[in-house]
J.: 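Once you've had a glance at the structure underneath, I'll fire off some questions.
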Amino acid sequence: MKSHIQQLIQQALIALQQTDAWQLDNLPQIQIDRTRAKEHGDYACNIALLLAKPLAKKPRELAENIVKALPASEQISRVEIAGPGFINFFIQEAAQLAIVQQVLSQGENFGHSTLGAGKTVHIEFVSSNPTGPLHVGHGRGAAYGAAVADLLAAVGFKVHREYYVNDAGRQMDILATSVWLRYLALLGEQFDFPRNGYKGDYVKAIAAKLNQQVGKLLHKSAQQVFANVPSDETEAGQGDKEAHIDGLIVNAKRLLGNDYRQVFDLGLQDILADIREDLAGFGLIYQQWFSERSLKEQKAVEHCIAKLNEAGHTYSQEGALWFRATNFGDDKDRVLVRENGEFTYFAADIAYHLTKFERGYEQVIDVFGADHHGYIPRVKAAIKALGYNAEQIKFLIVQFAVLYRGAERVQMSTRSGSFVTLRELREEVGNDACRFFYVMRKNEQHMDFDLELAKSQSSDNPVYYIQYAHARICSVLGQLAEKHLLLDETLGLSQLQLLKESHEQALITQLTRFSEVVEQAALSYEPHQLAQYLRDLANDFHTYYNAHQFLVAEANLRNARLCLIMATRQVLANGLKLLGVSAPRMM
RNA sequence: GCGCCCGUAGCUCAGAUGGAUAGAGUGUUGGCCUCCGAAGCCAAAGGUCAGAGGUUCGACUCCUCUCGGGCGCGCCA
């Protein structure tokens, strides 16, 4: 409908340009907006106000000319000029009613479009280190990334969802060493667990599994393990916890030899399996789990650095190889290869991003937690240096969600091991509430997540409010048989003109918005727009429900109303699905 | 110190690429079930859009500054 009105105005403007000889370099974009108030019609256009200045004419006068030049349209009942010069369009009722038929015939595909024209999009989200279970901090990125991906797919993009597995690097060595130390403790060795080690109970569980698998085979004495290791940091702040853990890693690798890999892989596989299971349970599907180790095995990092070298974007200094990030908008140059010859995380990561482009994706999206936003300029710099357009990569930031239990803030930390895991959260409040709560606020907005509210099966809870609307419609349709009434969809669709009540009009208008909302939410990466919309739609339905009876004796009206609420049910279900929330038939 | 995000009703947040009298939920107060599920509906009250300038026919929205909150500024990942 928007584009229809846009075309009408376009035609009017072209006609006017010829007759009135406007001196315009270029026409401003014709913007059609939904009106806020009913008396302003259904759609409004501000073109007259925009043209007033360049043409040096009064906006209302221009509006009158435009309206006069407007071609006739069967879909528009009335056009008015209002306020300073807005052109308001009133949509013909019959044109509005057509939405009901459209929803019912398109079913679960209603709201989908081909806007994206099959353009390939690579979206990476969560990508948490496999050093421990996902905690609630990852939840928002998961729910948000999944919703953005699903929205993009719904509007016709070809979406590839990927998880980057950081299965190489120091953090993983710390994990492997932590597992081994817990294993040694199980075998009776006495020592202080390193401050910087992973202290969670899941590490002990993996250690127990290791013990089951290998018995005492990997047993070494604490004395050997801690030999020549710099002392750990104390309460007083003396010692060095980083040097301490690094020393332990070196000893572990030396003492275990080839067996080190076994410990390492056991920890990795165990945790990764847990993460995959957790995300699958949360309704997330990935097309690919991309391993950092495989990247290194394929010499992809060397390949990437070679490309930068060839282009002259690197230099050596103090034994390290640097990337000239400052030439591409970053505030510092960045190390690619350390003095000790090892690649930095950054080097591997840009090599990874290079593969995204080399694999042919036209658009690349990274979903980051707010704590990583400082990392963005350097990745963007690398993309540019590698010869790609910075427009092809989009970074989406999710701010932290602070958990509350009622009024009390829930504390969490990965390292101490005393955190709330995503799994615990899902079990406590349920997947539906969890998915919905995480995306109902704008991604860049800091949010408070109240566990008590999410759990409450009451009117306070927006998820239940929307789901209840869906269940209620199912319930009404279930009443048909009991009342010995029949549903005649064909009859209903032919009698839609009977839907004259203001509540019905409002509901129909709301239905016509759905496709626009999905499109807008997808293109702006803002699933919260859909969440807000669904709340509004549910509200319009509940209001209608309270004001009118659907199962009336008169067959024409009854079937028309049933068609309307069936369409509503379909849109609720489609919308919820895009957000990863179920649409229950009963609650 | 520099950079990014945020500051809208008591609380939690929308405000749709600048548009017409600033919107929801929750909370408060008062109503609505002999009738399709009251997990619902209706009504009232509640705002100098952090503050000050500026651009514009028009600013919650754009620009500058100030104040306040979050996060980040490693040869860590």
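Chain naming here is simple, since letters A, B, ... match the order of the sequence lines and numbering starts at 1 in each.
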J.: Measuring to OP1 and OP2 of G40(B), would you say a side-chain N or O of Asn539(A) lies under 4.0 angstrom away?
T.: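 False: Asn539(A) side-chain N/O out of range (4.0 Å or more) of G40(B) OP1/OP2.
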J.: Once the angle between the rings of Phe395(A) and Phe368(A) is folded into 0 to 90°, is it parallel (under 30°), tilted (30 to 60°) or perpendicular (over 60°)?
T.: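 Ring orientation of Phe395(A) relative to Phe368(A): tilted.
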J.: Can you tell me the distance, in whole Å, between the CZ atom of Arg535(A) and the P atom of A24(B)?
T.: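 My rounded result for the distance is 10 Å.
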J.: With sugar-phosphate meaning primed atoms plus P, OP1 and OP2, does Gln520(A) contact a base, only sugar-phosphate, or nothing at under 4.0 Å between heavy atoms?
T.: sugar-phosphate
J.: Expressed in angstrom and rounded to an integer, what is the separation of Phe436(A) atom CZ from A39(B) atom P?
T.: 19 Å
J.: Please tell me if Lys332(A) has a side-chain N or O lying less than 4.0 Å from either OP1 or OP2 of G74(B).
T.: yes
J.: Using the P atoms only, state how far A43(B) lies from G25(B), rounded to an integer number of Å.
T.: 10 Å
J.: Please determine if a side-chain N or O atom of Gln31(A) lies less than 4.0 Å away from the OP1 or OP2 oxygen of G19(B).
T.: no
J.: For the pair Trp289(A) and Tyr163(A), name the ring-plane relationship: parallel under 30°, tilted 30 to 60°, perpendicular over 60°.
T.: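 Answer is parallel, since the angle falls under 30°.
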J.: Looking for any heavy atom pair under 4.0 Å, which part of the strands does Arg170(A) touch: base, sugar-phosphate only, or nothing?
T.: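 Sugar-phosphate only.
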J.: At under 4.0 Å between heavy atoms, what does Met172(A) touch on the DNA or RNA strands: base, sugar-phosphate, or nothing?
T.: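 Here Met172(A) touches no strand at all.
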J.: Tell me, what's RNA chain B's dot-bracket, Watson-Crick or G-U with both distances under 3.5 Å, | for other-strand, [ ] crossing?
T.: (((((((..((((.....[...)))).(((((.......))))).....(((((..]....))))))))))))....
J.: Closest approach to the side chain of Tyr345(A), judged atom by atom: which nucleotide of A77(B), C35(B), A14(B) is it?
T.: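 Comparing A77(B), C35(B), A14(B) against the side chain of Tyr345(A), the answer is A77(B).
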J.: Looking at Phe400(A), does the NZ or CZ of Arg140(A) lie under 6.0 angstrom from its six-membered ring centre and within 45 degrees of the ring axis?
T.: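 Verdict for Phe400(A): no cation-pi partner in Arg140(A).
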J.: Are Arg558(A) and Phe550(A) in a cation-pi setup, meaning NZ or CZ lies under 6.0 angstrom from the ring centre and within 45 degrees of the ring axis?
T.: no
J.: Are Tyr525(A) and Tyr144(A) an aromatic pair by the rule of ring centers under 6.0 Å?
T.: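 Not close enough - the centres of the two rings lie 6.0 Å or further apart.
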J.: Just to confirm, is there a sub-4.0 Å distance from OP1 or OP2 of A38(B) to any side-chain nitrogen or oxygen of Arg472(A)?
T.: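 For A38(B), OP1/OP2 do have a side-chain N/O of Arg472(A) under 4.0 Å.
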J.: Have a look at His40(A) and say if it touches a base, only the backbone sugar-phosphate, or nothing, with a 4.0 Å heavy-atom cut-off.
T.: base
